[in-house]
S.K.: 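What follows is a single structure, and I will ask about it in a moment.
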Amino acid sequence: MDKYQKVFDKFSQAPKDEEVTKKVNEILEKHFKENNTPEVIKSIYSYLDLTSLSPIDSKESIWKLVEKINTFEETHPHLKNVAAICIYPNFTATVKESLTEEITKIAVVSGGFPSSQTFTEIKIAETALAISDGAEEIDIVINLGMFFEQEYAEMCEEIEEIRDVCKDVTLKVILETGILKTAQNIKNAAILSMYSGADFIKTSTGKNGVGASFEAVYVMCEAIREYHVLHNKKIGVKVAGGIKTTEDAIKYYTIIKSILGKEWLCPELFRIGASDLADDLLKSI
């Protein structure tokens, strides 16, 4: 039997897509109100990866974003700062030089982001250069072409090679759930990514038209829960791609809390990648 099929066989089959939607609706109907509180909204702000991934990013625009983080404590002394600032690799040194907020990590998209369509050697070199410049977290995308062709060995080996370069640096692996579409595809991609060394699995790049969904996060959390039972290892979950409102953020929080429990509700295991959400959260607070 193919070794990857053996891995999949350790996990339950993903529910049918319509069943996932039903389960998500049940969770939100039952638990959303209890999580729609000022305390939860404040905590969600500290789970943010404040993101700037624009084709018109410049040193000046990144400096301005960093300055918002550096001065946050002065303007909001009763709130915890964002978990990370997420930028393109060529701005790593800019952030490293200007970031003074110790709790905020430097997260860098790497490995041919957002398509993952380049040479493995380029992905490894780009990751190594970002880490050399000060990256503390690396976000990469799975090779979707390899996944759909079931070239799992090649896909996983690439992630493993990048994992080796990262060493102690946190590795977030983006599944691009909007392209995977089905619950079973999402679960299989999550399983392969976790076994290949992901510290986090992440929904989306936000660059391919379809971002995060409640259903995708439900499936990812179920995969993380089963992986934890099998290996006693906690894998984080990052939600990214189109999250703009406080209400949606609370809904994702609710799903993660319901499936994985309160112990996942911390920046070490739960992130939301967003640019617009931060301002909406502050307005709500």
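Throughout, residue positions are numbered sequentially from 1 according to the sequence presented.
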S.K.: Quick one: CG on Asp280 to OG1 on Thr246, what's the gap to the nearest 0.5 Å?
M.R.: 3.5 Å
S.K.: Any carboxylate oxygen within less than 4.0 angstrom of a Lys/Arg side-chain nitrogen, looking at Lys22 and Glu18?
M.R.: no
S.K.: Contact between Ile191 and Tyr227 at the side-chain level, heavy atoms closer than 4.5 Å - yes or no?
M.R.: no
S.K.: First locate atom CE of Met194, then atom CD of Glu226, and finally report the distance between them rounded to the nearest 0.5 Å.
M.R.: 8.5 Å
S.K.: Can you check whether Thr94's main-chain N or O pairs, donor with acceptor, with Ser98's side chain at less than 3.5 Å?
M.R.: yes
S.K.: Should the pair Tyr152 and Phe147 be assigned to parallel (<30°), tilted (30 to 60°) or perpendicular (>60°) ring geometry?
M.R.: tilted
S.K.: If you count every heavy atom of other residues, nucleotides or ligands that lies below 6.0 Å from Glu60 atom CD, does the total exceed 12?
M.R.: no
S.K.: Mind telling me whether Phe72 and His76 have parallel, tilted or perpendicular rings, with 30° and 60° as the class edges?
M.R.: parallel
S.K.: Quick one: pull up CD1 in Ile224 and CD1 in Ile201 and give me the separation to the nearest 0.5 Å.
M.R.: 4.0 Å
S.K.: Check whether any side-chain heavy atom of Ile62 lies under 4.5 Å from a side-chain heavy atom of Ser52, and answer yes or no.
M.R.: yes
S.K.: At their closest point, which heavy atom of Ile243 faces which heavy atom of Leu277, and how far apart are they?
M.R.: O-CB, 3.6 Å
S.K.: Hydrogens and angles aside, do Thr100 and Asn70 bring a side-chain donor and acceptor to less than 3.5 Å of each other?
M.R.: yes
S.K.: Would a 4.5 Å heavy-atom cut-off, applied to side chains only, mark Glu176 and Thr205 as touching?
M.R.: yes
S.K.: Could you walk me through whether Ser193 and Ser196 pass side chain to side chain contact (heavy atoms under 4.5 Å, CB included), step by step?
M.R.: CA-CA 5 Å; Ser193 298; Ser196 299; 5.7 Å; no
S.K.: Assign the ring pair Phe270 / Tyr253 to parallel, tilted or perpendicular, where the plane angle (0 to 90°) is split at 30° and 60°.
M.R.: tilted
S.K.: Ignoring hydrogens and angles, tell me if any N or O in the side chain of Ser132 forms a donor-acceptor pair with the backbone of Ala128 under 3.5 Å.
M.R.: no
S.K.: I'd like to know if the side chain of Asn143 pairs up with that of Glu158 as donor and acceptor (distance under 3.5 Å, no hydrogens or angles considered).
M.R.: no
S.K.: What do you reckon, is CD of Glu73 surrounded by more than 12 foreign heavy atoms closer than 6.0 Å?
M.R.: no
S.K.: Under a 4.5 Å cut-off applied to non-hydrogen side-chain atoms, are Phe200 and Val173 in contact?
M.R.: no
S.K.: Is Asp133 close to Phe91 at the side-chain level, that is, under 4.5 Å between some pair of heavy atoms?
M.R.: no
S.K.: May I ask whether Phe113 and Ile179 are part of the same hydrophobic cluster, defined by side-chain heavy atoms of I, L, V, M, F, W, Y residues being less than 4.5 angstrom apart, directly or through others?
M.R.: yes
S.K.: Between atom CD of Glu26 and atom NE2 of His31, what is the distance when rounded to the nearest 0.5 Å?
M.R.: 10.0 Å
S.K.: Roughly how far apart are Ile174 CD1 and Thr203 OG1, rounded to 0.5 Å?
M.R.: 8.0 Å
S.K.: Taking Trp264 for its side chain and Ile235 for its backbone only, find out whether a donor-acceptor pair lies under 3.5 Å.
M.R.: yes
S.K.: Is there a path from Ile106 to Trp63 through hydrophobic residues (I, L, V, M, F, W, Y) whose side chains come within less than 4.5 Å of each other?
M.R.: no
S.K.: Backbone N or O of Glu74 within a donor-acceptor pair of the Thr71 side chain at under 3.5 Å?
M.R.: no
S.K.: Are the side chains of Val141 and Ser115 in touch, meaning some heavy atoms are under 4.5 Å apart?
M.R.: no
S.K.: So, Lys187 versus Ser12: side-chain donor-acceptor pair below 3.5 Å or not?
M.R.: yes
S.K.: Are any side-chain N or O atoms of Thr104 and backbone N or O atoms of Val82, one a donor and one an acceptor, separated by less than 3.5 Å?
M.R.: yes
S.K.: Return the CD1 to CD1 distance between Ile138 and Ile131, rounded to the nearest 0.5 Å.
M.R.: 4.5 Å
S.K.: Any ion pair linking Asp49 and Lys105 (charged N to carboxylate O, less than 4.0 Å)?
M.R.: no
S.K.: Does Gln184 reach the side chain of Phe8, with side-chain heavy atoms less than 4.5 Å apart?
M.R.: no
S.K.: Looking only at heavy atoms, what is the nearest atom pair of Val109 and Pro89, with distance?
M.R.: O-CD, 3.0 Å
S.K.: Glu215 side chain to Ala183 main-chain N or O, any donor-acceptor pair under 3.5 Å?
M.R.: no
S.K.: Check Lys238, Lys202, Arg271 against Glu137 for a salt bridge (charged side-chain N to carboxylate O under 4.0 Å, His left out) and give me the one that passes.
M.R.: Arg271
S.K.: Does a sphere of radius 6.0 Å around CD in Glu34 hold more than 12 heavy atoms from other residues, nucleotides or ligands, not counting ones at 6.0 Å or beyond?
M.R.: yes
S.K.: With a 4.5 Å cut-off on side-chain heavy atoms, are Thr127 and Val169 touching?
M.R.: no
S.K.: Under 4.0 Å between a Lys/Arg side-chain N and an Asp/Glu carboxylate O for Lys42 and Glu39?
M.R.: no
S.K.: Test Glu160 against Glu157 for side chain to side chain contact (heavy atoms under 4.5 Å, CB included), laying out the working first.
M.R.: CA-CA 5 Å; Glu160 289 165 2; Glu157 285 167 9; 4.2 Å; yes
S.K.: Taking everything shown except Lys68 itself, do over 12 heavy atoms lie less than 6.0 Å from its NZ?
M.R.: no
